[in-house]
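Letters A, B, ... are given to chains in the order of the sequence lines, protein chains preceding strands, and every chain is numbered from 1. Keep in mind that what you see is a predicted model, and the values were worked out from it rather than measured.
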Amino acid sequence: MPELARTFEQRLADMKLTEQSKANNVNIGFPLTNTAITQSQKRAVIRKNKQELLALVQDGELMIDLDEVDAASWDTNKREHLHRLAVHYGVFRDLFGGAFFYPQVDLEVSYDISEEDEVPVFHGNLIEPSQTSRVPNVHYEVDGDSLWTLLMTAPDSHLQDNNAEYLHWLVANIPGNDISKGEQLCDYLQVFPVKGTGFHRYVFILFKQEQQIDFRDDRLSPNTCSLKERTFNTFNFYERHQDHMTPAGFCFFQSEHDESVRDVFWNKLDMKEPSFEFVFPVPYHPIQKKFPHKKPFNLYLDRYRDIKDINEEVLQEKLKTVHPFKPSTDPKYPLYRLQLENRGLPSWLKKKRRNATHKVMQWED
Amino acid sequence: MFSISIVLVFFLLFRCLEYKNLLPRRKGWQYQRPTKEFYYRLTINPTAAKIEAILEHSSGRKVVSASSAEWAIRQFLYSGRDLSAAVNLGRVFAERCLKAGIVSAFYDPNTDVHGSEKVKVILKALEEAGIQIGEDEVFEKKFRPGINYDGKNRLGEGKRPDDVQIIQ
């Protein structure tokens with residue numbers, strides 16, 4: 001009908017609208033610029049190496065400094081590699097709805113375990129929740145007087161809503177490098193990945209502010225232990241402040257359940273610890289027919305039997321060989337005995353006894 | 001003790017299931033090479049100009065890569081293609097994999113370069129860093145006959161448990 005059917009122009013316009021409403025493939029950060037090194041400079045370095053490193057190479061002892069390589073790669077390709085990893089782990093998809101950014105600042109976060117040891121946060125490395133109990137050390141190199149915002153979210157941890165996140169830490173209006181002088185909008189809470197749900201991602205994002213921003217609406221009560229208050233959405237948060245703030249750096253780690261998570265639930269959040277179990281996809285059972293054509297009757301009927309009856313049968317078979325006072329004796333050469341006893345029996349019974357001896361199907365302990 | 005047991009399907013992220021070897025792998029390419037039955041595949045490519053190590057996901061996305069042609073690495077090497085380059089590339093690549101949270105990777109031995117010294121040296125560097133070469137088998141639930149007529153079989157079947165707590 002002409003009232004309902006859209007013209008070609010209308011359909012194009014609708015397509016463009018839906019494309020625009022998605023934030024997909026939009027760079028919301030700073031432009032990516034790599035420092036260019038000229039070919040002549042490179043050749044000079046290579047020539048120098050040929051003289052200096054020859055002795056080491058001949059002895060097979062040339063071991064380059066990995067930290068120096070890491071520092072040098074920041075100006076060349078590390079930013080693209082970080083972007084690639086963030087896309088792989090779905091960080092941009094889940095936090096910014098598909099919009100991405102290339103990191104400008106190398107955000108270095110590390111957790112102190114003891115006086116000497118610390119666990120750094122890179123881009124997806126595995127950390128235990130007990131190691132994240134204290135506020136981490138944050139470092140990034142900064143030019144002059146600038147204001148920054150640091151955010152730590154957990155996109156996977158929300159217990160009720162799949163699209164919401166929990167806010168673990170939010171510090172705003174940070175002058176330069178000094179986190180302690182920033183405004184604590186949300187106090188730090190230890191990571192609490194729920195039992196049975198595998199690895200959760202925890203993302204640190206550093207925003208560069210153009211000016212002092214009023215974060216009145218984003219302030220939470222000090223040391224909140226209310227999960228409802230900590231429910232957060234990075235997309236909405238950034239949408240409100242996008243005019244004065246640009247994402248400039250990120251790092252993330254993954255964490256799995258640990259005993260310290262129980263302490264967080266019991267003592268800090270004041271609730272019982274939830275636990276989950278992985279549910280396998282249920283096997284498909286077609287509707288039972290009275291006369292199934294070309295189906296093996298024993299396997300077909302077993303499929304639709306009550307599990308209680310099957311377990312009862314298995315238990316009775318087991319109890320035949322068990323004596324309460326004598327020690328258990330496993331028969332010697334069970335497969336050979338099976339072969340002898342199976343002679344002359346119908347095929348379905350042979351199959352059943354073979355399954356029992358091999359401990360397969362319902363006889364698996 | 002004081003815990004609720006909720007049986008729920010929790011497809012948080014495919015990465016989550018990959019760590020537990022629960023996510024099914026791409027099995028349909030049984031008679032074709034190279035095989036696609038992996039989560040992460042390690043490819044080592046020593047060419048005349050450089051040595052490359054790439055860790056790809058089965059979706060085709062490159063996750064971690066390192067090449068001796070990268071200026072960040074090349075500026076510290078004597079040559080971009082000799083054995084010492086391979087040794088150092090292996091160390092850099094292993095460090096990058098660990099930082100990205102990679103635990104194991106599938107390595108296809110049916111390649112021309114499989115037995116070469118450079119490849120061996122890179123694999124050794126990965127093993128020393130703690131990354132398992134070769135992925136574990138997928139954990140599949142074995143079929144057991146019978147239907148539970150009294151309890152739950154499918155998601156959503158059955159009543160909600162009594163010990164439900166409202167999160168404040």
Does any heavy atom of chain A fall under 4.5 Å from the side chain of [X], the backbone, both, or neither of them?
X      : value
B:I147 : both
B:E95  : side chain
B:L22  : side chain
B:Y149 : both
B:S59  : neither

Looking at every heavy atom in both [X] and [Y], which two are closest together, and how far apart are they?
X      : Y      : result
B:K20  : A:G198 : CE-CA, 4.0 Å
B:C16  : A:T197 : SG-O, 3.3 Å
B:F143 : A:H285 : CE1-CE1, 4.2 Å
A:V69  : B:R96  : CG1-NH2, 4.5 Å
A:H81  : B:E70  : CE1-OE2, 4.0 Å

Report the distance from atom [atom1] of [X] to atom [atom2] of [Y], rounding to the nearest 0.5 Å.
X     : Y     : atom1 : atom2 : answer
B:W71 : A:D75 : CH2   : CG    : 13.5 Å
A:N77 : B:S65 : CG    : OG    : 7.0 Å
A:L62 : B:D82 : CG    : CG    : 8.5 Å
B:Q75 : A:E68 : CD    : CD    : 8.0 Å

Do the side chain of [X] and the main chain of [Y] share a donor and acceptor less than 3.5 angstrom apart?
X      : Y      : answer
B:R144 : A:E364 : yes
B:N148 : A:D306 : no
B:R91  : A:I64  : yes

Per-residue contact mode, [X] against chain B (heavy atom under 4.5 angstrom):
X      : result
A:Y89  : both
A:T76  : side chain
A:E256 : side chain
A:I37  : side chain

Highest number of heavy-atom pairs under 4.5 Å with chain B: which of [options]?
options                       : result
A:M63, A:K195, A:K48          : A:M63
A:L126, A:D309, A:V57         : A:V57
A:N311, A:L299, A:L56, A:I310 : A:I310

Would you mind telling me which of B:A100, B:S79, B:G101 has the largest number of heavy-atom pairs within less than 4.5 Å of chain A?
-> B:A100

Picking from B:L98, B:D150, B:L83, which has the most non-hydrogen pairs under 4.5 angstrom with chain A?
-> B:D150

Are A:D70 and B:K99 close enough for a salt bridge, meaning some N to O gap below 4.0 Å?
-> yes

Cation-pi between A:K50 and B:Y78: NZ/CZ under 6.0 Å from ring centre and within 45° of the ring axis?
-> yes

In a check of side-chain contact (heavy atoms from CB on, under 4.5 Å) between A:L66 and each of B:I73, B:V92, B:N88, which one passes?
-> B:V92

Is there a ring pair (Phe, Tyr, Trp, His ring centres under 6.0 Å) between B:F14 and A:H88 once you walk through the steps?
-> CA-CA 10 Å; B:F14 293 137; A:H88 176 66; over 10 Å; no

Would you check, one step at a time, whether the test ring pair (Phe, Tyr, Trp, His ring centres under 6.0 Å) holds for A:F278 with B:F139?
-> CA-CA 12 Å; A:F278 184 78; B:F139 185 81; 8.9 Å; no

